[in-house]
Amino acid sequence: MAMLEYRTAGESHGQALIALIEGLPAGVPLDMENINHELLRRQGGYGRGGRQKIEKDVANILSGVRRGRTIGSPLAIELVNKDWRIDQAPEVNRPRPGHADLAGSLKWLTTDCRETLERASARETAARVAAGALVKSLLAPFGIRCVGFVTQIGPVKAHVAEDRSPEDLISARDANEVYTPDPEAGEGMIAAIRKAKEDKDTLGGIIEVRVFGCPPGLGSCARYQDKLDGRLMQAVGSIQAIKGVELGMGFGVAGVYGSAVHDEIDYDPAQRDTACLGFTRRSNNAGGIEGGMTNGQTIVIRAAKKPIATLTKGMDSVNLKTRAPERSDYERSDVCAVPAASVVMENVVAFEIARAFLEKFGGDTLAEVKAAYEFYMDAARRLK
Ligand code: EPS
């Protein structure tokens, strides 16, 4: 039986984007409304550019589904590009510092950066969002929820308390255009993006995803490849423009005593039937993962996104054809895509959690997955 996996294909101005998902059990009811809602959120957020006015991303499921439920076969999703013009699009010979332009042109032995940028473009993230949003339907029956939001844009930082519920985070996040649950910081973030636009510049930021309701034991300490922290870091680090990823206290662990880092353990019988099985913590600096395995606490993962490499005012570069110094090329782009990146990260994380979930509880049908989950949770509660 296939492990849960996905692949994407498609160029920014190609015919379509494709996500191919393998390894989903049969019987998972799809929530098309939610998939399309996530695609719409990815297209939005203050600071986006002109492309999003052209496209209306809607998931077209080509295979793997009958009457709204998975049937255990490979599932293909298509997102049609309205702006399909890859053959007509002009050459780009003056690479943008920070983009894949120069590295890709040297790799594929071409002076036309378009051959690289078409695939490197963050438009590919639409396919990743579709795949992640789709597998959330597998996680939902087990009470697992992923919530992504923005915690910083440029110099403006949000304050988001650790104990906020998923419902509260989602409603606060969805109430503003920069997808942050801190409305005051949101105003400052919008002002910072406006200023960057005036300055013909771009802005990055920090995004965070919290995963609620994960049972203990996803991932493994037995093989390095299976460690869930490493896998989440790879998945999140592979999102376009991400330059740093941290779990829980992250880089903050380096400068203080162990007693200020590690999360002390209590037992509360009232929480025996929740994901933590009653083993509560006084803090969550580990971000829900110890030894590469979930420990029943909320997973907290953060990523730093660099500012978009396409600046209206350009940056100093070199013409690949003549080697003469010139300003970098300008392609239509965004001033700030940090809100969109929070949607991408939420769904990318959801896919990794679903993959780890099926590694532990997998079966051919959702009914078998449920039985395995219930068996494990019951055994863990009785553990003596
Ligand atoms: C994007 C689509 C792209 C860019 C952006 C993200 O569309 P176009 O190039 O036609 O404007 O707006 O891509 C980049 C930031 C990049 O560096 O390539 C999208 O759908 O997210």
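Because the structure is predicted, anything quoted here is derived from the model rather than measured. Count residues from 1 along the sequence. Read the numbers this way: they start at 1 and go in the same order the structure lists the ligands and their atoms.
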Original post:
Can R42 and D57 be counted as an ion pair, charged N to O under 4.0 angstrom?
Top reply: yes
Original post:
So does E38 pair up with R41, basic N to acidic O under 4.0 Å?
Top reply: yes
**OP:** Among residues two or more places apart or on two chains, list those pairs meeting side-chain hydrogen bond (donor to acceptor under 3.5 Å, both in side chains) that have a residue in residues 242-258.
**Re:** E246-R302
**OP:** List in chain and number order the residues that pass side-chain contact (heavy atoms from CB on, under 4.5 Å) with I170, two or more places apart in sequence or in another chain; answer none if no residue qualifies.
**Re:** R145, V147, R173, D174
Original post:
In chain order, what residues pass the side-chain contact (heavy atoms from CB on, under 4.5 Å) check against D226, with sequence neighbours excluded?
Top reply: S220, R223, R231
Original post:
Heavy atoms under 4.0 Å from ligand 1: which residues qualify?
Top reply: S12, H13, R42, R48, R51, Q52, H99, S121, A122, R123, I308, R332, S333, D334
**OP:** Salt-bridge test for R114 and E91: reply yes if a basic N is under 4.0 Å from a carboxylate O, no otherwise.
**Re:** no
